[in-house]
Every structure is written in structure tokens, then in C-alpha cells.
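I have placed the structure first, in the form of C-alpha cells, so that the comments after it can refer back to it.
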Amino acid sequence: MHKSSVLPYSRDRENDKGRDEVQVTVIGTGYVGLVTAIGLAENGHEVICVDLNAERMEQLTKGIPPITEQGIEEALQANAARMTFTTVYPESDLYLVAVGTPERADGSCDLTAVEAVVAQISRLNPEANVVLKSTVPPGTTERLQQSYPELRFAMVPEFLREGTALADNRAPSRLVIGTRDHMLAERLETLFLTTAPVVQVDPTTAELTKYAANSFLAVKISFINEIARLADAVGADVAEVAHGIGLDPRIGPAFLRAGAGYGGSCFPKDIAALTALAKTYETPLHVIEGADKTNEAQLDYVLQKIRPVKGQRIALLGLAFKPGTDDLRDAPALRLAERLEALGVHITGYDPAAKTLLDQKPTLDEAIAEADAAVIMTEWDEMKQLEPERLQRLMRTPRLIDGRNCWAYADRPHGVEYEGIGRYNQTFTNNQIR
Ligand code: UGA
């Protein structure tokens with residue numbers, strides 16, 4: 001290993017002398033790379049994290065995480081002895097690639113970073129084991145294998161959720177290992193050290209498994225959002241419908257929360273990449289494309305409920321794409337803000353974590369002051385616990401549109417003009433059930 005070119009180790013590793021665990025290099029310290037690296041260090045392995053962002057590496061060396069993630073600071077400190085952060089690739093036997101695969105203008109997946117990393121690895125060690133953690137379109141790993149026949153590839157997709165990534169990493173629902181190399185598969189099983197079921201498949205199947213998982217979850221959300229609209233129309237409660245169907249183990253209760261639709265760095269991007277890829281194979285994905293269309297339409301539906309009038313002041317409560325994160329990528333709140341701004345509405349925003357370019361207020365009370373309507377777009381606890389009295393006292397008109405069906409006061413007398421998504425019994429002030 002070219003230790004001379006590596007930044008100093010983040011912490012003293014004396015205590016770990018004599019361990020026989022593996023040394024792994026993780027490339028990319030975004031949320032997948034960093035959480036995976038921490039997990040490997042927790043399993044006792046020595047992990048070298050590489051990222052071209054020197055400032056980020058310096059911060060990480062000091063134990064400061066670049067992402068907001070529950071428990072990450074403590075985990076970095078606890079595993080500091082086994083983690084090194086550097087901008088220079090070490091020569092290694094095992095590399096995990098977790099660099100970004102952003103969306104191109106046509107929806108397809110940009111593999112520039114992955115390809116550059118693999119080229120660099122092959123220069124350092126032409127016979128290295130290369131494990132792709134980045135989400136890549138089906139066929140990518142096999143193609144790389146053909147270009148670099150001496151490298152040994154595996155594709156191990158990531159199923160972590162932002163906000164609960166460390167916990168997900170410690171207790172995964174499954175470990176999917178996509179490789180044609182049985183020795184590498186066995187090695188990876190030991191490396192990730194999990195009691196979860198292991199699914200050993202070829203790389204293309206692993207790649208498709210990742211996209212299929214995210215697409216299925218997105219379909220589930222869009223499905224319940226359509227049912228929510230119908231619930232509004234016929235006079236039914238979508239939350240009860242979700243409960244009623246979710247008890248069937250074939251359906252399951254998760255991801256049936258109706259609301260303003262999904263966002264984030266994964267569902268929209270992965271659906272775009274998969275549908276773009278499917279088109280090249282002339283295999284249209286009608287159901288998945290439908291989920292995407294429904295997700296767009298769901299924002300129009302929320303807009304319809306707001307009934308915005310030019311010159312009005314509307315407060316968006318929650319801007320991050322979901323609670324527990326400051327991530328704004330494809331956040332429904334920002335997409336709604338664009339639509340509202342185009343209608344000449346003045347928007348005030350509030351979020352406990354995310355920072356935007358909107359007229360964002362430091363407190364929720366300041367955001368709703370003199371507003372004509374408030375819209376919950378992220379179900380932070382603060383939004384759930386927003387007392388009706390504050391809405392009445394501070395707003396010009398106490399109107400609340402609950403884009404996440406989360407308001408704790410919705411089903412009690414509250415004296416606020418309240419409307420959820422697909423919850424007939426909450427369209428009436430004081431919850432008068434017909
Ligand atoms: C998602 C997947 O859940 C992870 O398994 C996957 O690893 C990750 O993408 C990824 O590909 O990296 P994440 O984007 O962190 O994780 O967020 P989710 O918790 O899945 O939520 C996504 C969106 O769906 C949020 O905007 C959330 O508000 C919305 N959602 C979720 C609903 O509208 N209703 C629900 O019932 C659940």
C-alpha cells in the first residue's frame with residue numbers, strides 16, 4: 001500500500017494490532033459509501049475511505065460527518081481506530097465503489113464516475129476485487145467485467161433508507177450478492193457478517209433487484225395516493241383503507257401512507273433510469289411509468305386543495321423530502337413551491353434541518369404568521385404537534401392542508417379549516433363525521 005500518499009490515520013490504531021480482519025477500500029463517502037464503511041468498521045475490518053473532496057476528508061478525519069444521519073457522529077468516533085480518510089487511492093485487494101450515478105437529461109444513468117474509478121483501480125491493482133455498491137443499470141457490471149477481464153467484479157446493491165441508514169445497515173432485510181465469482185461471494189458474506197438471508201445471483205440480476213425494489217415501493221405509494229383521491233371523492237378514509245388492506249400479509253402495511261407523494265435522491269432517479277433503459281430494450285414499464293405520473297399528479301392534487309390566489313401568503317411546513325434528513329433532492333415541497341410561485345403566491349418556508357433559497361423562516365411560528373394557508377409537506381414531529389391555537393392566533397386564516405396526513409389534532413375538535421389527503425372525516429372543521 002502506498003502509505004506515504006495517504007493522509008494520517010484518523011485515530012490511533014494501536015488497540016487493534018493483531019486483528020486478522022480484512023482491509024477494505026471504500027471509494028466515495030456519500031451516504032452509501034460512508035454508512036457502508038462504518039458498518040464494515042463495526043464488523044472489525046480496517047477501512048480506508050477515499051474521496052476526491054479533500055475538505056470532506058479533513059472533516060471526516062476530525063470525526064465530522066458530511067451528512068445528517070441519526071447516530072453517525074457517535075459511530076464515526078466509536079470506529080475511528082479502524083477508519084482512515086484520504087484523497088489518494090491506496091493499492092488494495094478489495095475495493096467497494098460507492099460513487100454517485102446521477103441522472104442525465106434524458107433520465108438515463110450517468111456512469112462517468114463509476115467508470116473512472118474502475119479504470120483507476122485497474123491501474124493500481126489489475127487483479128483487484130471490485131464490488132459495486134453504486135446503483136447501476138442492469139448490464140453495467142457484466143460490461144465492466146468484459147472491459148477489465150482480470151478484475152473480479154461483484155455488484156452488491158444497497159437498500160438503506162436515509163435517516164435510518166445506520167440502523168438499516170446493522171440489521172439489513174437481506175444481502176444480495178451479484179457475482180459470477182464464488183470465492184468473492186463467500187468472501188463478501190464474511191465481510192458483511194449478517195444473519196439476514198443471502199441472495200446470491202449474477203450481477204445483472206442484482207442490479208435489477210435494486211431498481212425493482214425501489215420501483216415497487218414507489219408503485220405502492222402511488223397506488224395508495226390514487227386510492228386517497230378516490231377516498232376523497234366517494235367519502236372514505238384512506239388511512240383506514242391502508243390499514244384494512246395492509247393486514248393481509250400478501251400486501252403488508254408499509255409504504256401505504258398517502259400524501260403529497262414521494263421524493264428523494266432514489267425513487268425519482270431510479271425510476272427514470274429504469275424506464276429509460278427499458279425503452280432501449282423496447283420493453284415498456286407501464287406500471288412503473290404510471291407510478292411516476294401519479295406522483296406528479298399528486299402535487300397538482302395538493303395544489304387544488306390549497307386553492308391558491310395570486311398575492312396570497314402560503315406557508316410550507318417541512319421542506320426536506322422526508323423527516324430525519326436535511327436532503328432536498330427532488331423534495332415534493334420544492335416542486336410544489338415552483339408551482340405556487342408560478343401562480344404569484346408568496347411562499348414562506350420552514351424546516352428544522354433543510355436550508356433552501358425560499359423565504360425560509362427560522363421558526364415555524366414566523367413561517368405561518370399572517371399566512372392564508374399552511375401546508376404540511378414533511379411529517380416532522382414539530383408539524384404533527386402544531387397546536388390549533390397557534391394556527392388561529394398567528395395566521396390570517398387558520399387553514400391547514402396536511403400533505404402527510406400526520407396532524408395529531410386532525411381527529412379532535414380544533415376550529416381550524418383542515419384538509420388531509422383522502423381522509424373524508426377531516427375535511428370538516430371540528431371533525432363532524434357524517
Ligand atoms: C429509498 C428506499 O426506501 C431504500 O430502501 C433505498 O436503499 C434508497 O431509497 C436508495 O435507493 O438509496 P429513501 O429515499 O431514503 O430510501 O427514502 P424512503 O424512506 O424510502 O422515502 C422515499 C419517499 O417516499 C419520501 O419522500 C417519503 O415521504 C415517501 N413515502 C414513503 C410516502 O409518501 N409514503 C410512504 O408510505 C412511504
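Atoms within a ligand are numbered from 1 in the order they appear, just like the ligands themselves. Along the sequence shown, residues carry numbers from 1.
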Subset of ligand 1 atoms that lie under 4.0 Å from at least one heavy atom of Y31: 12 (O)

Tell me yes or no: between the side chains of Y409 and Q385, is some donor less than 3.5 Å from an acceptor? no

Heavy-atom contacts with L256 under 4.0 Å: which atoms of ligand 1 show up? List them by number with element. 36 (O)

Within 45 degrees of the ring normal and closer than 6.0 Å to the centroid, is that where the cationic atom of R399 sits relative to Y418? no

Between E379 and ligand 1, does any nitrogen or oxygen pair lie at a separation below 3.5 Å? no

For Y262, atoms of ligand 1 separated by under 4.0 Å from a heavy atom: 23 (C), 24 (O), 26 (O), 29 (C)

For ligand 1, is there an atom lying under 4.0 Å from some heavy atom of G263? yes

Is there a donor-acceptor contact under 3.5 Å linking the side chains of T25 and S92? yes

Short version for R161: what comes under 4.0 Å of ligand 1, heavy atoms counted, is both

Please state which protein non-hydrogen atom is closest to atom 33 (O) of ligand 1 and give its distance, to 0.1 Å? R404 NH1, 3.4 Å

Given E158, R257, M377, which has its nearest heavy atom closest to atom 35 (C) of ligand 1? R257

State, without any angle test, whether T140 and E207 hold a side-chain donor-acceptor pair at a distance under 3.5 Å. no

Counting only heavy atoms closer than 4.0 Å, does ligand 1 sit against the backbone of Y211, its side chain, both, or neither? neither

Could you tell me whether L217 and ligand 1 have an N or O pair separated by under 3.5 Å? no

Which residue holds the protein heavy atom closest to atom 32 (C) of ligand 1, what is that atom called, and what is the gap in Å? I221 CD1, 3.6 Å

of all protein heavy atoms, closest to atom 15 (O) of ligand 1 is E162 N, 2.7 Å

Salt bridge (Lys or Arg N to Asp or Glu O under 4.0 Å) between E387 and R390, worked out: CA-CA 6 Å; E387 296 88 352; R390 274 160 74 197; 2.8 Å; yes

Counting only heavy atoms, which portion of T135 has something under 4.0 Å from ligand 1: side chain, backbone, both, or neither? neither

Would one find more than 12 heavy atoms of other residues, nucleotides or ligands at under 6.0 Å from atom CD of Q70? no

Within the distance-only criterion (no hydrogens, no angle test), does the side chain of E189 pair as donor or acceptor with the backbone N or O of T194 below 3.5 angstrom? no

Of all the non-hydrogen atoms in the protein, which one sits nearest to atom 9 (O) of ligand 1, and at what distance? C266 CB, 3.2 Å

Could you find the nearest protein heavy atom to atom 18 (P) of ligand 1 and give me its residue, atom name and distance? K322 NZ, 3.6 Å

Looking only at protein heavy atoms, which one is nearest to atom 22 (C) of ligand 1, and what is the separation? F267 CE1, 3.6 Å

Please answer whether the main-chain N or O of G422 pairs with a side-chain N or O of D232 as donor and acceptor at a distance below 3.5 Å. yes

Does CG in L357 sit with more than 12 non-hydrogen atoms of other residues, nucleotides or ligands closer than 6.0 Å? no

State whether the side chain of N129 and the backbone N or O of D93 hold a donor-acceptor pair below 3.5 Å, judged by distance alone. yes

Can you find a side-chain donor-acceptor pair between Q145 and R180 that sits under 3.5 Å? no

Looking only at protein heavy atoms, which one is nearest to atom 5 (O) of ligand 1, and what is the separation? F159 O, 2.9 Å

For atom 7 (O) of ligand 1, the protein heavy atom that lies nearest, with its residue and separation: L160 O, 2.6 Å

Does K210 come within less than 4.0 angstrom of ligand 1, counting non-hydrogen atoms of the residue? yes

Y301 and N225: side-chain donor and acceptor closer than 3.5 Å? no

